[in-house]
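Shown next, in C-alpha cells, is the structure this report addresses.
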Number of protein chains: 2
Amino acid sequence: MDLNDRKFKILEAIINDYIQTAEPIGSRTIAKKYDLGVSSATIRNDMSDLEELGLIVQPHTSAGRIPSDRGYRLYVDKMMQSRELTQEEADLLHDVVENNVGQIDYLMQQTAKAIAALTNYTIVVTEPKSPKLNIRHVQLVPIDSVSAAAVIVTENKAVKNYVIRVQQMPETDKLNLISDAMNKAIKSYSLRDMESIAGTMLQSFPEEKELVTKLLKAILTAVRQNDNVQFYTSGVDNILGFPEFSNVEKAKNVFRALEKKDMLITLFDKDGSHDDDVRIMIGGENNMKELQDCSIVRADYHYGNDSYGTIGVIGPTRMNYSQTVSVLNAIIKNLDNVIKTLSKGDNKNEDSGG
Amino acid sequence: MDLNDRKFKILEAIINDYIQTAEPIGSRTIAKKYDLGVSSATIRNDMSDLEELGLIVQPHTSAGRIPSDRGYRLYVDKMMQSRELTQEEADLLHDVVENNVGQIDYLMQQTAKAIAALTNYTIVVTEPKSPKLNIRHVQLVPIDSVSAAAVIVTENKAVKNYVIRVQQMPETDKLNLISDAMNKAIKSYSLRDMESIAGTMLQSFPEEKELVTKLLKAILTAVRQNDNVQFYTSGVDNILGFPEFSNVEKAKNVFRALEKKDMLITLFDKDGSHDDDVRIMIGGENNMKELQDCSIVRADYHYGNDSYGTIGVIGPTRMNYSQTVSVLNAIIKNLDNVIKTLSKGDNKNEDSGG
DNA sequence: GTTAGCACTCATTCGGTGTGAGTGCTAACC
DNA sequence: GGTTAGCACTCACACCGAATGAGTGCTAAC
C-alpha cells in the first residue's frame, strides 16, 4: 500500500491538529477544517489505511485518530516544514548569548531558561566536554599538611580540581617542582603512554610515590572525565502543563528521569554521530523507560575545537518539532559564533602538541 | 480561653491523624479511634474552641477539621514527641556517609538521595560555604597565550577557579612568581586590607597591572562567594505523590520554587541563627509565595571550623515533622563526625593565621 | 474511486438521588 | 458547670441512567 498525496495531506492534518489541541481528530473534522475536496467517507477510508500502516492509532473505538511514534517519525523526516523564527524569538536568543558571554556555566543556564520560555518544554543542558582529551597544564596547589588540590587544565581549557590526600604533604616549593616535572613528562610522552610518564616521575621523586601515583590517577580521571559532567535544567514545571502528563504517574516518570543524570548524559551521547544537525528522538526511540512518552530534540554546541555540550529539549511526543528545531538551530548558531571569538588565544600552542 | 489537657490531646489526635491520612477528621472519629473517655459531643465542643483559637480549620461546612499552620506550630513547639530511628534507617544514613566520604559534592548528592528515600519528601542540599572566608593559597595556572586560571583555596578548603583573560599572558615561571608574591602579600596583610595587598603587588609587578588587578578581583569574588553556591536536589517527583499537590497549579509552584536557586538559598540562610538545632518553617512562615503550601525542615552541617551547608526537606505542611527531624539530626551527626576526622590536617597552619 | 447513508460504539456530560460524615444547638443529666 | 444524648441540618461525593455527540465500519449506489 503506498501513500498518495492525499494520504500525506491527511496525516499532516492529523499531526498538526493534534500538536495544537491534544485531542483525537476524526474524519468529519478533517473534511470540514482542511479543504481536501473529498468527503469524510473518503477520508475515513484513507485513515483506515494510515492506521493499517501504523502511522496513526485510535485511543479507543469511537474516538478519532492520533499520530503514532511512527507517524511522527515520517512527519519529521519527510514532511515537516522549517519554521522561521519571529523577530522577538531571534532577538531573545541573540541577547541571552551576547549578554552572558564569558561565563560558560552561567551562559548555559541562561540559555536553558530562554529556550524553556520560548518553547514551553523542559530543557537540559550539559556543560562542554571533549571526547579525546589532552592535558594542557597540571599544578599542585597546597591545601593543608596532608592535602593538596591537583588542578588540571584540559585541552579544551576546562579547569578541574581533585583533592589529593597523603600521609604528609610536601611544602609548596616541592609541590611546584613536582608540578613542573609532571608538565614536562606529559609534553615528552603522549598521554597514551602513561607508563613512561609514571616511570619518569617515580624516578625523579621516589620519596613521593603516594603523591605522584595519586596525581597520575587524577590526570587519568580528568581525561576520562565522563563521570561528573555539569548539567542544568530549566522549565521542569512546564511538563505539568501538558494534558498527556495529567496522569500523575506519567509526570512522575519524567521527573525521575531528570534526576538520573548519568542516564540522561549517555542518552544524549548515544549515537556519537556528531554532525551539525539537530537530532530528534520520538517516544520509544530513546531507551529510558521513564521517557517513553516524551520526545527529545537535541543539538550539540561547540566549545573550542573538539569539545562540545548538548542542549536537549524534552516534551510530549506531540511536541512542536518544527519550532523546537528552529529554536535549537538558532541558539547553536549564536553560541558557536560567540564561542569562536572567545577561543582566539590558541595560536601559541599550535607547534607543541600532537 | 485556655487549653486544658483534653484539648491538647484532641489537637494532637487531629494532627497525627491528618498527617497519616490527609483527610479531615471529625469528632465522632476521634471519639471512636482515640480513647479519651468522653463522648463525641464533648469533643465537638472542644473542637469548636480549638477552631476559635485558630489551631484547626474546617475546609467546608459539614467536613471534619484539619490543622492550621498555627496548629502545626503549637504541635511542633510543645507537643511533638521525638522519634527514634529504626535500625535500618540509622544504618542507611550511616553507610551513605561512610561510603562517600572524601568527595564532598558526591557525598552531598548521595546524602540528599538517602534522605529522600527515607522521608519521601523533596531534599535540597547546598554545598559548604563560609560566612567569613580567608584564603589559604593562590596559584595561577596557565591555560593559553591570553588566559590563565586563578586557583584559590579558601579557608574552608574549597578549591575554586576563575578564568582570567589579559592581552598577553606571561609564561608559567612568571605566573609562579606572581602567585608566590600574592601568597606572601595575603599572609602579611589581612584580607580586610586589600589596598595594601594591591599596592605591594602592583609595585612588584608594574608591568602586569591588568593580570594582578583581575587576580585580586577573583580573590574578592572567592571571598564573597555568595554568588554561585552549588545546590543539589533529590526526590522532586515525591511531591506529586501527595494529594495536596494533585492540583496541578500547586505542584507547579513547588517545581518553580526549586528552579529559583537564589531565593531558596537566601531562604535557607534567612535567620542567620546558626544554633545546632534543626529548624522548621511551616506553610506561610517562609516568604516564597511558591512554597506557601509547604513546610521546610532544615539543618546545617558543618564543614571545617566556620563553614557550613544546609540540608532542607520540603514537604506538605502535613509532613511528618517528628520523623524528619530525627532523620536530619542523625545525618547531621554522621556528617559532622566524618568531616571532623577529615580536617585533622590542620595543625600546621595554626601559627601563621590571624 | 468516491460518496451517502446507516447502524453501532462509547466517552462524556448532566441531573437526580442517596448516603454518610460532619456540624451546631438544645435540653437533660450528674 | 461540665458532659451527654438527640435531633435537624449541611454538603461533598458517589452512583445511576439517560441523552449527547463525535467517531467508526460497512454497504450499496454513483
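Side chains included, hydrogens not; waters and symmetry mates left out as well; all remaining heavy atoms used. Naming convention: chains lettered A, B, ... in sequence-line order (proteins, then strands); numbering from 1 in each chain.
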For atom [atom1] of [X] and atom [atom2] of [N], their distance in whole Å:
| X | N | atom1 | atom2 | value |
| --- | --- | --- | --- | --- |
| A:Asn4 | C:dG1 | CG | C1' | 11 Å |
| A:Ile43 | C:dG1 | CD1 | P | 17 Å |
| B:Asp46 | D:dT4 | CG | P | 10 Å |

- prompt: OP1 or OP2 of D:dT3 less than 4.0 angstrom from a side-chain nitrogen or oxygen of B:Arg6, does that happen here?
  reply: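 For B:Arg6, the contact criterion (side-chain N or O under 4.0 Å from OP1 or OP2 of D:dT3) is met.
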message: Is B:Thr42 close enough to D:dT4 that one of its side-chain N or O atoms is under 4.0 Å from OP1 or OP2 there?
response: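 Indeed, a polar side-chain atom of B:Thr42 lies that close.
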Nearest-0.5 Å distance that lies between atom [atom1] in [X] and atom [atom2] in [Y]:
| X | Y | atom1 | atom2 | result |
| --- | --- | --- | --- | --- |
| B:Cys294 | B:Glu244 | SG | CD | 9.0 Å |
| A:Arg83 | A:Thr324 | CZ | OG1 | 9.0 Å |
| A:Leu328 | A:Ile115 | CG | CD1 | 5.5 Å |

task: Compare all side-chain heavy atoms of B:Phe255 with those of B:Glu290 and state whether any distance is below 4.5 angstrom.
output: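 No, their side chains stay 4.5 Å or more apart.
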query: What is the per-nucleotide protein-contact pattern of nucleotides 19-30 of chain D, from the 5' end, where B denotes a base atom under 4.0 Å from a protein heavy atom, S denotes such proximity for sugar-phosphate atoms only, and - denotes neither?
result: ----SBB-----
field: Base paired to D:dA14 (Watson-Crick or G-U; both N/O distances under 3.5 angstrom)
entry: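 In the structure as shown, D:dA14 has C:dT17 as its Watson-Crick or wobble partner.
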field: D:dT27 pairs with, by Watson-Crick or G-U criteria that keep both distances under 3.5 Å
entry: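 Answer to the pairing question: C:dA4, which forms a Watson-Crick or G-U pair with D:dT27.
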- prompt: Does any donor atom in the side chain of B:Asn16 or B:Tyr34 lie under 3.5 Å from an acceptor atom in the other side chain?
  reply: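 No, because no side-chain N or O of B:Asn16 sits under 3.5 Å from a partner of the opposite role on B:Tyr34.
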query: Is the shortest side-chain N to carboxylate O distance from B:Asp5 to B:Lys9 below 4.0 Å?
result: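 Result for this pair is yes, salt bridge flagged.
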